[in-house]
Amino acid sequence: MNSIELKTINELSIYSFFIPAYQRGYRWTPQEVTDLLMDIDEFIPRELGDGEKKTWYCLQPIVVKNRNEGLFEVIDGQQRLTTIYLILHYLNQDYVEKKRDKLFSIDYETRKDSKEFLSNPELENEECIDYYFIHNAYSTIEKWFDKREEDSSFDKNEFRSKLKFHTKVIWYETTEDNAITVFTRLNIGKISLTNAELIKALFLNSSNFRAGNEDRVRLRQIEIANEWDSIETALQNNKLWYFLSDEQKEDNRIEYIFNLMNDSGETDQYSTFRFFYSCLAGKSEEVMSSYWEKIQAHYQRFNEWFSERELYHKIGFLLASKIAKIKDLYNCSTSLKKREFVQHIDMLIKNHFKHQNLFELDYENKNTQNVLLLYNILTMLQNEHDSSYFPFDEYKQNRWNKEHITSRKDVTSIPVINRRDWLSDVISYIDISQEDAKDLPSSINLMLTNETYTDDDLFTTLFEKITSHFNQFINSTEDIDGISNLALLDEKTNKGYKNAVFPLKRKYIIELDKTGGFVPVCTKNVFLKYFSDYPPKISFWTQDDREKYEQDLIRVLCNYLEVTKQ
């Protein structure tokens, strides 16, 4: 089994490192070297609790394979390791030779004299490109320290102490036979070790298990590995994953649970690994098992929410709208009975909207989109014959907008290049039985047949007449931007409208639905005239349609928002 631990830079001094031929040579740029120096310099160790322990600066993993006692083949991290060596070598020059620190050694397989060169990296050597880059890196280190020492507040001894005793590497020792396979996975495509992989090695470390029966230990390791894989496989279901999270993450989704459990307060790349390392390293098998049980408990609770339709929809809404954090919801669910927990999440929604009146919502209000989302979710839940689930995966993987049901008079939203298409689409939906529309078809045809048409004023006038025709049943501009003229729609479809009139929007919605695209149920109800009297005016969103839509909004949302008209 692979093993993992944290080692200070000082602890590396007893080792020798071998850089195999399958590694590329040293290629760090001056900027990368400077970034590392700055990170260490800016790091300030702080005390942990009341003890003598302090925080440390954490370097990315060094992946090694033990070739023999004290000699390690470096599979990943040789560039970092070489740079650390160069910094230590520079710092050593402040002392006479017999008082210098013992440093770890590095031997590049492809450069037989590399040990000798690394003992004097300050000397120029043009024998090979690797030596050029190594010398260039060393020169960067010299210049950086020269510059920093111009500042009287800089203390080189303090820097040395931070580097040696408060900088740690994640030491990942693999037992896999084929080191090249490990190298390929980590370097072809630059896939670094993740928190999940590092934490998995922690749980499966042989040192976590009571010594004795090797078969029992091996069986328990296999059992944990299989349970791990089962959780990861379940989280690969996008419907479960995007119910919980909005992160577009393809692998190692189990990290989501680890991150929730991390209460260290740190947020850097490997903070979650360090949290689990502090909990598990050197501890008993019972401690390790208790943490594994907590991980399983998180997954089982999330799966319970996912499986129960009411919990799924209401918790999904709270998470999608950023009203609540899943960590807080999980903690509440462990301390409350199920009925009390359902009441709690209902109260979270109500409290969030307790000062919001439905009829104060408009296109500009920051709460409008979340209210439209809630409206769709509650509509699904309130239908006793509907067993479907709102697809949070569709919702979170796409951008969503508040869409005007009948369009605004915004001629600037129709680019010149699209105007002919817009007019061609509109003409077949004009109701010539209406008094305001008798001359519209001929005006449109005249403009369509004019190949040299460039008159913006003429198009603007015609655009306003057309939109007035389709909006004739709406009483005011306020009605256009009000909640009763808004619906939820994905941004791609919304932008494809190009400010289309109502019947064209209706056509697009029907086509999207027929081809399997996701249309929220309430948006579909609006454009299919679900609320309208029969026979409906298909080409228009009328005042009657708007009022009936309002009534349904009130019916569905009355338990969560104020719904009284001023």
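Since we're looking at a predicted model, the values are computed, not measured.
Inter-residue side-chain proximity for Thr368 and Leu372 is flagged as met; some heavy-atom pair is nearer than 4.5 Å. For the pair Ile483 and Asn365, the minimum side-chain heavy-atom distance is 4.5 Å or more. A 4.5 Å side-chain heavy-atom check between Phe183 and Asp76 finds every atom pair outside the cut-off. Val169 is not listed as a side-chain neighbour of Leu6, based on a closest heavy-atom distance of 4.5 Å or more. The shortest side-chain heavy-atom distance between Leu59 and Ile170 does not fall under the 4.5 Å cut-off. Gln397 has its side chain out of reach of Asp246: every pair of non-hydrogen atoms, C-beta onward, lies at least 4.5 Å apart. At a threshold of 4.5 Å between non-hydrogen side-chain atoms, the residues Asp545 and Lys529 count as touching. Side-chain contact between Phe43 and Asp39: absent, with no pair of heavy atoms (C-beta onward) separated by less than 4.5 Å.
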Derivation of the side-chain contact (heavy atoms from CB on, under 4.5 Å) call for Met288 and Ile224
CA-CA 11 Å; Met288 181 274 293; Ile224 291 174; 3.8 Å; yes
Does Trp228 form a ring pair (Phe, Tyr, Trp, His ring centres under 6.0 Å) with Phe258? I'd like the steps, not just the answer.
CA-CA 12 Å; Trp228 179 294; Phe258 302 149; 5.3 Å; yes
Could you walk me through whether Phe317 and Ile349 pass the side-chain contact (heavy atoms from CB on, under 4.5 Å) test, one step at a time?
CA-CA 9 Å; Phe317 170 74; Ile349 300 172; 4.0 Å; yes
When you look at Asp346 and Lys314, which way does the side-chain contact (heavy atoms from CB on, under 4.5 Å) test go after all the steps?
CA-CA 8 Å; Asp346 257 338; Lys314 291 181 178 178; 3.1 Å; yes
Quick one: do Leu489 and Ile509 satisfy side-chain contact (heavy atoms from CB on, under 4.5 Å)? Show the steps, please.
CA-CA 9 Å; Leu489 197 64; Ile509 291 295; 3.6 Å; yes
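Between Glu214 and Arg218 there is no salt bridge, since no side-chain nitrogen of the basic residue lies less than 4.0 Å from a carboxylate oxygen of the acidic one. Look at Lys548 and Asp544 and you find a salt bridge, because one of the NZ, NE, NH1 or NH2 atoms lies within 4.0 Å of a carboxylate O, short of that distance. Taking the charged nitrogens against the carboxylate oxygens, Lys249 and Glu255 do have a contact shorter than 4.0 Å, which makes a salt bridge. Look at Glu511 and Lys514 and you find no salt bridge, because none of the NZ, NE, NH1 or NH2 atoms lies under 4.0 Å from a carboxylate O. Between Arg220 and Asp215, no side-chain nitrogen of the basic residue sits less than 4.0 Å from a carboxylate oxygen of the acidic one, so the salt-bridge criterion is not met.
Aromatic rings from Trp171 and Tyr277 are positioned such that their centres are separated by 6.0 Å or more. Taking the six-membered ring where the residue is Trp, the centroids of Trp305 and Phe341 are separated by under 6.0 Å. Within the 6.0 Å centre-distance limit, the rings of Phe390 and Phe518 are counted as a close aromatic pair. The ring of Phe302 has its center no closer than 6.0 angstrom to the ring center of Phe243.
In this structure, CZ on Phe527 lies 6.0 Å from NZ on Lys505, to the nearest 0.5 angstrom. Atom-to-atom distance recorded for Lys524:NZ and Arg506:CZ is 13.0 Å, nearest 0.5 angstrom. Atom OG in Ser289 sits 14.5 Å away from atom NZ in Lys283 (nearest 0.5 Å). To the nearest 0.5 Å, atoms CG (Asn401) and CG (Leu486) are separated by 11.0 Å. Leu204 contributes atom CG, which lies 12.0 Å from atom CD1 of Ile199 (distance to the nearest 0.5 angstrom). To the nearest 0.5 Å, atom CG of residue Leu198 and atom CZ of residue Arg274 are 11.5 Å apart.
Enclosure of atom NZ in Lys325 is not indicated, since only 12 or fewer non-hydrogen atoms of other residues, nucleotides or ligands lie within 6.0 angstrom. Surrounding OH of Tyr530 are at most 12 heavy atoms belonging to other residues, nucleotides or ligands under 6.0 Å away.
Smallest separation of non-hydrogen atoms from Ile254 and Ala196: CG2-CB, 4.1 Å. Glu394 and Trp400 get closest at one heavy-atom pair: O-NE1, 3.6 Å. Of all non-hydrogen atoms in Asn376 and Val521, the two that sit nearest each other are OD1-N, 3.3 Å. Of all heavy-atom pairs between Ser307 and Asn303, the closest is OG-O, 2.8 Å. Considering all non-hydrogen atoms of both residues, Asp393 and Asn238 come closest at CB-O, 3.6 Å. Scanning all heavy atoms of the two residues, the minimum distance from Asn367 to His352 falls at OD1-NE2, 4.0 Å.
For the residue pair Thr272 and Asn259, a side-chain donor N or O sits within less than 3.5 Å of a side-chain acceptor on the partner. Neither side chain, Thr334 nor Arg301, offers a donor N or O lying under 3.5 Å from an acceptor on the other. Donor-acceptor pairing under 3.5 Å is recorded for the side chains of Glu232 and Gln236. Side-chain contact annotation: Asp481 with His404, donor-acceptor N/O pair under 3.5 Å present. No side-chain N or O of Arg46 forms a donor-acceptor pair with one of Thr55 less than 3.5 Å apart. Side-chain contact of Trp292 with Glu227: a donor-acceptor pair under 3.5 Å is present, judged by distance alone. Looking only at atom types and distance, the side chain of Tyr363 has no donor-acceptor partner in the side chain of Asn485 under 3.5 Å away.
With Glu285 contributing its side chain and Arg210 its backbone, the two residues share a donor-acceptor pair below 3.5 Å. Side-chain N or O atoms of Arg399 include none that pairs as donor or acceptor with a backbone N or O of Glu491 at under 3.5 Å. Between the side chain of Lys402 and the backbone N or O of Gln369, no donor-acceptor pair lies under 3.5 Å. Although no hydrogens or angles enter the test, the distance criterion places no donor-acceptor pair under 3.5 Å between the side chain of Asn252 and the main chain of Thr194. Counting only distance, with no hydrogens or angles, the side chain of Ser335 and the backbone of Cys332 share a donor-acceptor pair below 3.5 Å. Panel note: side chain Asp552, backbone Phe531; no donor-acceptor pair is recorded below 3.5 Å.
For the pair Lys350 and Tyr560, the cation-pi test (distance below 6.0 Å, angle within 45°) is passed.
Ring geometry, Phe275 versus Tyr291: the interplanar angle exceeds 60°, so the pair is classed perpendicular (tilted spans 30 to 60°). Ring orientation note: the planes of Tyr312 and Tyr389 are tilted relative to one another, at an angle of 30° to 60°.
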